[in-house]
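When a ligand or atom number is given, it counts from 1 through the structure's own listing order. Scope of the values below: all heavy atoms of this structure, side chains included, with no hydrogens, waters or symmetry mates.
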Amino acid sequence: MHPMKTHLPLLALAVTCTLAACADDLDPRQWIGHDRTRPLPRVVEPGSASTQDQPGKAPADAIVLFDGTSIAPWVAMNGEPTRWIVKDGAMECVPGSGYIRTLQCFGDAQVHVEFATPAQAEGSSQGRGNSGFFLGMTRYEIQILDSYNNPTYADGSCASVYNQYPPLVNASRPPGQWQSYDLVWTAPRFTPDGALQSPARLTLLHNGVLVHHNAELIGNTGWVTRGPYHPHPEKLPLCIQDHGNPVRFRNIWVRELGRPGRPEYYLADATLDRYTGKYEVNKDWIVEITRRDGNLFFQWYGEDFLVFATSPNRFFAKTTDVQVEFKTEGNVPVAYFSIGEDGGMRAIKVK
Ligand code: MG
């Protein structure tokens with residue numbers, strides 16, 4: 001099944017405060033003690049824990065990113081199908097095939113991911129069982145490495161925030177065994193002019209052991225460079241690294257936190273590039289749509305709009321309720337621009 005179809009039922013939920021209660025609702029000063037009008041927590045059927053033989057079950061409200069069968073929620077970095085394989089209920093890195101990323105974008109989130117480095121431990125230091133789990137596209141890496149009796153530099157150990165924070169302890173299991181990351185991620189925030197408003201924060205449990213406690217990232221992670229922050233959208237894909245080792249993954253799920261808003265997708269570059277060009281509303285009015293990384297951009301009524309994909313052909317802005325939908329009528333590509341409920345200004349692609 002196409003992952004976007006899987007997630008569509010979440011749309012209605014996601015428009016209002018959803019998977020977590022709104023921050024305002026959580027402020028005790030907003031309520032008197034034992035206030036009977038205070039909303040009860042939403043009921044969530046919890047999942048179950050994994051064993052070495054059997055992956056556990058995700059909580060009922062999680063978005064499942066790998067269930068042991070379909071790799072469809074993951075694509076190559078350019079949005080095309082990945083060459084990673086699914087084998088024995090796990091998805092496995094094929095060395096040389098490149099990083100993979102989720103189609104869906106995530107901001108603040110609780111994430112669960114399980115991995116196993118190759119049972120046959122080959123290489124040493126950074127060369128043994130290396131991969132990485134990234135938040136914010138490829139900006140922020142939590143290292144994955146075979147760190148069982150395999151010394152390396154501290155801030156490159158398994159479960160390190162790469163090149164920034166070593167884990168508080170080394171809770172690694174032997175190679176070949178399933179290990180887990182349970183993390184709580186707060187995405188960094190940027191002001192409209194691109195300044196850092198609040199840094200990224202990470203809490204991480206490695207095999208159930210706390211290894212980062214609300215660690216404040218100093219910026220991007222990288223091999224030879226670290227930081228600073230560069231402004232980016234709040235929600236971006238999750239990524240997994242191809243570092244040349246056949247590391248396996250299973251039981252990956254995510255719960256969006258805070259106010260996630262509409263589901264967002266990072267479409268293939270080729271898909272977005274089909275939408276770019278000039279659209280004629282009338283002979284005096286041309287709207288030009290360009291691509292900025294994984295988003296589209298245009299000016300309308302003299303204002304700039306960066307728009308985000310909420311389906312393969314529908315986009316929305318976050319600053320104003322502006323939407324654009326792309327269609328093909330006959331053989332003619334058209335775009336419908338709308339503001340709120342006032343919609344349907346039709347523009348024909350001319351270039
Ligand atoms: Mg790595």
- Query: Given atoms OE1 of Q143 and O of S131, what angle do they subtend at the Mg ion (ligand 1), to the nearest 10 degrees?
  - Reply: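 Vertex the Mg ion (ligand 1), arms to OE1 of Q143 and O of S131: 70°.
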- Message: Taking the side chain as everything from C-beta on, heavy atoms only, tell me whether Y229 gets closer than 4.5 Å to Y140.
- Response: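 Yes, at least one pair of side-chain atoms sits under 4.5 Å.
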- Message: Please give the atom name: the N, O or S atom of E141 nearest to the Mg ion (ligand 1).
- Response: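 Relative to the Mg ion (ligand 1), the closest nitrogen, oxygen or sulfur of E141 carries the name OE2.
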- Cation-pi check, R291 to F297: give yes when NZ or CZ is under 6.0 Å from the six-membered ring centre and within 45° of the ring axis, no otherwise.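 Ring-cation test returns no.
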- Query: Distance under 6.0 Å and angle within 45° of the ring axis: does K235 meet both against F308?
  - Reply: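 No, K235 does not lie over the aromatic ring of F308.
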- Query: Just wondering, is there an N, O or S atom on N130 that's nearer than 2.8 Å to the Mg ion (ligand 1)?
  - Reply: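 Coordinating: yes.
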- Query: Does the shortest distance from the Mg ion (ligand 1) to an N/O/S atom of Q126 fall below 2.8 Å?
  - Reply: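 Given the 2.8 Å cut-off, Q126 does not count as a ligand of the Mg ion (ligand 1).
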- Message: Return the CZ to CD1 distance between F66 and I252, rounded to the nearest 0.5 Å.
- Response: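 Going from the CZ atom of F66 to the CD1 atom of I252 covers 7.0 Å.
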